[in-house]
K.L.:
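A single structure is presented below for examination.
To find a chain, count down the sequence lines: A is the first, B the second, and so on, and within it residues start at 1.
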Number of protein chains: 2
Amino acid sequence: MKKPTTIHDIARKANVSSATVSRVLSNSDYPVSKALQEKIRRIAAEMNYIPNLLGKQLKKNVSMTIGVIVPSIINPFYSSVVFGIEEIARENHYTVVTCNSLQDPTLEDEYIRTIMEKQIKGLIISSISKDKSLLKNSIQMGLNVIAIDQTIEEEGVSQIKFDYRKGGYMATKHLLSKGHSRIGYVTSRLDRPSRQSICQGYLYAMKEAKLEPIVEESKSEELYNAVFDFDTGKKLANKLLAAPDRPTAIFACNDMMAFGVINELSQQGVKVPEDISVMGFDGIDFGLMIHPPLTTIKQPDYDMGKLACRLLLDKINGEDSPTFDVMLQPKLLERNSVLPISERV
Amino acid sequence: MKKPTTIHDIARKANVSSATVSRVLSNSDYPVSKALQEKIRRIAAEMNYIPNLLGKQLKKNVSMTIGVIVPSIINPFYSSVVFGIEEIARENHYTVVTCNSLQDPTLEDEYIRTIMEKQIKGLIISSISKDKSLLKNSIQMGLNVIAIDQTIEEEGVSQIKFDYRKGGYMATKHLLSKGHSRIGYVTSRLDRPSRQSICQGYLYAMKEAKLEPIVEESKSEELYNAVFDFDTGKKLANKLLAAPDRPTAIFACNDMMAFGVINELSQQGVKVPEDISVMGFDGIDFGLMIHPPLTTIKQPDYDMGKLACRLLLDKINGEDSPTFDVMLQPKLLERNSVLPISERV
DNA sequence: TTGTATGCGTTATCAC
DNA sequence: GTGATAACGCATACAA
């Protein structure tokens, strides 16, 4: 393991100054004679030169890296987002540092600190912590931030929002349009604005239709975990089934819970959608793979990641960095877990 | 956006040398008087000091970062692996750069190059490319590499292997033990050693039982994609159904394909497991969420990630870095998609 | 115990 | 066109 070649090594071998080598190998537009260019490139290749970005970055005060903080990439929604981010980052020669916050504010701050120390200038974050003081401070120090999924009411933070409320409204309206009137809503703990918004959409649609809302909220607050949501869906479905006046349709706050609902219903001999219709929320691919394929609201995860990264890079590179909000629109994915009330058996 | 404070700024304000500041703030064991320590720490805090790791890393020639290259974190198997890696990395104050190679050798090399340039000393990789010359070269330059999932026959590369062959064998034996004799095997393109090994395990078990193997291989070679595997499963299941002598059990090379198989069977009115039993391979959580819950072979994804990262960090930090192989063992996850032939209806 | 000075690998500002 | 040299922020060998 010999130590790596530097521009100085190349300079010595080529009988030129390291300045010239730098100018050539960093593709600067500074004029260097064709002859020297070729010579230097040849020698660099011969010597297996690998530029040390640490040096370059220290000098130029950039890191060509962006940070991403999400609750957990185990969650297919976030893994799609990160996948989209990474794609755009790669196209622009940026690398991505992925951080799983596990919805732990302490971890979140730890990551932000590391990101700042590593001189990373851009961050895409789905933040969960209440105390945004470190984030705020970091922004003042020059960090460019795009918030996804979770709203951050902080000056200078651009948002990629998703119209959760409309999504909740659309889902409920869809169920209503199929003739359902006893529509249950199952949701994980209503402590995040996104969850609250979906619920508001549901409530609003029900109110509009002059119907009684039926909300089952899970009070537990475990760390983010797919199987946990699934189990929650099962539990809440159970509650709904036990009620004197069973709903004819159940709307779940995310797909994973909807899977749990469907599973529990099937297990209890309740047919989906013949007996009870089920709607999800997220539009992850697995919805296609279960039986029946899940009717759901599509949240554009992958595209959200791509967009977030594009906007972040613009912000990092742009002289003017206006703060902006983007509101992505929900889309109904009509599959087979919802049946018109008229066709119920 | 004022420019960040350095140890020099602090030194000036504290009327000490920057060396002393460095010694205090980097928690060096170099002796500094209690009084000065406190003074320096206080001023550092007042000035909102954030150490610039670029400087530190350039000086010490470390980067406290590891790289991870996997085909795609969209794949739940890999997202679990990466999640495990990230957990151990965090505990050790390392950050993780995540790269999705999309099974594209060009991209893979591009990432390796970037990793070297960023002075990253450790890499966990599921490599797909045939030409390992760049990787080999990087190892000689001091890169520590742990190969997961895909074997890399290169000197100095430690492997976290998984006994695919035994997994394939165990799955088939399980089916055999339930009395099945017409057992079909559906697999994506047999161009990766892991896929071949599973198939070999299947073939060996069949041969041992003196039974005729039935292998359906997909010839298409799309980029890694969950829905694609699902569709492949559907297609291959179809072929198997069309055969004159239908199998009573189908073993799929991964869970996603097994979902496709189950879906197609259900759609064609074939009941799982009453009419045909289905086995998967991977043990991803979603297997729990479908109906019937998928009997499968567990590949310890999350633990594999944790182990890989632990071994990598040992290797980076250890004076002696012996090359080693770890062979993780498959585990049967018995759920409800397999029925003894005697109980078939 | 503290300070001075040098260098990590690179780019940028000069001068030639 | 090219070269010498000074930064970038930090850690450390050496001096004091």
K.L.:
Using a distance-only criterion (donor-acceptor N/O pair, under 3.5 Å, no hydrogens), is the base of C:dA12 paired with the side chain of A:K59?
P.N.:
no
K.L.:
If I take atom CG in residue B:L54 and atom C1' in nucleotide D:dA7, what distance separates them, rounded to the nearest angstrom?
P.N.:
15 Å
K.L.:
Decide yes or no, distance alone: a donor-acceptor N/O pair under 3.5 angstrom between the base of D:dG1 and the side-chain of A:R23.
P.N.:
no
K.L.:
Rounded to the nearest angstrom, tell me the gap between atom CG in A:N61 and atom C1' in D:dG9.
P.N.:
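Spelled out: CG on A:N61 to C1' on D:dG9 is 10 Å.
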K.L.:
Check the distance between C:dT4's C1' and B:Y30's OH and give it to me in whole angstrom.
P.N.:
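Value for this atom pair: 12 Å.
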K.L.:
Need one value for B:D9: base, sugar-phosphate or nothing, where a base atom within 4.0 Å counts as base even if backbone is also close, heavy atoms only.
P.N.:
nothing
K.L.:
Give one of base, sugar-phosphate or nothing for A:S33, where a contact means two heavy atoms less than 4.0 Å apart.
P.N.:
sugar-phosphate
K.L.:
If you pin A:H8 and A:V32 to their nearest nucleotides in DNA chain D, which one's is more 5'?
P.N.:
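That would be A:V32.
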K.L.:
I'd like to know if B:D149 and B:R192 make a salt bridge, using a cut-off of under 4.0 Å between side-chain N and carboxylate O.
P.N.:
yes
K.L.:
Which nucleotide in the list D:dC10, C:dG3, D:dC8 gets nearest to the side chain of B:N52?
P.N.:
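The closest nucleotide is D:dC10.
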K.L.:
Roughly how many Å is it from CE in A:M116 to C1' in D:dG9, rounded to a whole number?
P.N.:
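Computing the A:M116:CE to D:dG9:C1' distance gives 15 Å.
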K.L.:
Nearest whole angstrom, please: distance from the P of D:dA4 to the CG of A:N15.
P.N.:
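Checked: the CG to P distance equals 11 Å.
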K.L.:
When we call it a touch if two heavy atoms are under 4.0 Å apart, what does B:T6 touch: a base, just sugar-phosphate, or nothing?
P.N.:
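Sugar-phosphate contact only - B:T6 comes under 4.0 Å of backbone atoms but never of a base.
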K.L.:
Would you please confirm or rule out a distance under 4.0 Å between OP1 or OP2 of C:dT10 and any side-chain N or O of A:Y49?
P.N.:
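So the side-chain polar atoms of A:Y49 do come within 4.0 Å of the phosphate oxygens OP1 or OP2 of C:dT10, strictly under.
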K.L.:
Could you state the atom-to-atom distance from CD of A:Q119 to C1' of D:dC10 in whole Å?
P.N.:
12 Å
K.L.:
Answer with base, sugar-phosphate or nothing: what part of the nucleic acid does B:S26 contact at a heavy-atom distance below 4.0 Å?
P.N.:
sugar-phosphate
K.L.:
Heavy-atom distance under 4.5 Å between the side chains of A:L102 and B:R90, does that happen here?
P.N.:
yes
K.L.:
Can you find a side chain N or O atom of B:S22 that sits less than 4.0 Å from OP1 or OP2 on D:dC10?
P.N.:
no
K.L.:
Using a heavy-atom cut-off of under 4.0 Å over every strand shown, decide if B:L36 touches base, sugar-phosphate, or nothing.
P.N.:
sugar-phosphate
K.L.:
Determine whether the side chains of B:E155 and B:T323 contain a donor N or O and an acceptor N or O closer than 3.5 Å.
P.N.:
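No, no side-chain donor-acceptor contact under 3.5 Å.
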K.L.:
Would you classify A:K56 as touching base, sugar-phosphate or nothing, given that sugar-phosphate means primed atoms plus P, OP1 and OP2, and contacts are heavy atoms under 4.0 Å?
P.N.:
sugar-phosphate
K.L.:
Between P on D:dA6 and NZ on A:K60, what's the gap in Å once rounded to a whole number?
P.N.:
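So the two atoms are 22 Å apart, to the nearest Å.
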K.L.:
Go through it in stages, so that I can follow the logic: the residues are B:L135 and B:E154, the test is side-chain contact (heavy atoms from CB on, under 4.5 Å), and I'd like the CA-CA distance, side-chain angles, deciding distance and then a yes or no.
P.N.:
CA-CA 9 Å; B:L135 189 64; B:E154 207 63 68; 5.8 Å; no
K.L.:
What integer distance in Å separates A:Q57:CD from D:dG9:C1'?
P.N.:
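So the two atoms are 14 Å apart, to the nearest Å.
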K.L.:
Has B:Q159 got a side-chain atom pairing as donor or acceptor with B:I152's backbone, closer than 3.5 angstrom?
P.N.:
yes
